Amino acid sequence: MAKRGTKLWLMKSEPDVYSIDDLERDGTEPWEGVRNYQARNFMREMAEGDLVLFYHSNAKPPGVAGICRVHRAAYPDPTQFDPKSDYYDAKSKKDEPRWSMVDVGFVEKFAEEVSLQALKDDPALTGMRVTQKGSRLSVQPVDAKHFRRVLKIAKAKTKLR
DNA sequence: GCCAACGTTGGC
DNA sequence: GCCAACGTTGGC
C-alpha cells in the first residue's frame, strides 16, 4: 500500500457538490475553497503521493466513499483572488496568499461506502477524528492503523457481495 | 429543520 | 485580550 513516509489523510466533500464519482470522471481535481486555517495547514503538510480517504459529508448516510491521492502539493488557491468566486477573500494578498490547495487524483471507489456509523461502531477506530462528535475539520490526518482498518472494512464488504 | 460544536469578527 | 454575536459545518 502506502510507501514508507507517506502521510495519510481524510478529506470531506459534500457529494451534492463534488463526489467520488465526479473525481473518477475527472481524474484529478484542484481542491479549492478550503477556508479554515487548520485544514489549510494540514494541506500544506501534504506531499505528492500521500493517500487520502474521500469522505462524503452531509450525505445519507455520510461515510468514506473511496481513496484518492495527492497529485500536486500545496499551492495558492486562485479562487481567493477572484471577486466573482464564492471563495473570494479580499484580505488575501497576491504576494502573500492566505489560502492554499492541493490537487487530488482518483485512486479507487469502494464497492460500498464505509458509513460513519460503521466507523463509530468499530472499536479499532476509537480515536479516529472523524468519528468524534462535533468534528468539523474538513481536512485531517489519519493514523496508519486507522487507514488500514477502513480499507479492511471496505474490502470485507466487497467480499460479502 | 434543528441544533451542537465550533471558528471568526468586531466592539470595548 | 475578552467575549458576545454571528456564521458555518455537518450529523441526526
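What you see is a predicted model, and the numbers here were worked out from it, not measured in a lab. Every chain is numbered from 1, with letters handed out A, B, ... down the list of sequences.
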Touch check for A:K60, heavy atoms < 4.0 angstrom, all strands: base, sugar-phosphate only, or nothing? nothing
Mind checking whether A:Y18 and A:F54 have parallel, tilted or perpendicular rings, split at 30° and 60°? tilted
Determine, for nucleotides 4-10 of chain C in 5'-to-3' order, which nucleotides have protein heavy atoms under 4.0 Å from the base (write B), from only the sugar-phosphate (write S), or from neither (write -). ---BBBB
Rounded to the nearest Å, what distance is computed from the CD atom of residue A:Q132 to the C1' atom of nucleotide C:dC12? 18 Å
Side-chain donor/acceptor of A:Q80 to backbone N/O of A:R98, under 3.5 Å: yes
Under 6.0 Å between ring centres: does that hold for A:W99 and A:Y75? no
Can you tell me how far P of C:dG11 sits from CG of A:D121, to the nearest Å? 15 Å
Single-linkage hydrophobic cluster, 4.5 Å side-chain cutoff, A:L137 and A:M11 together: yes
Hydrogens and angles aside, do A:S19 and A:D22 bring a side-chain donor and acceptor to less than 3.5 Å of each other? yes
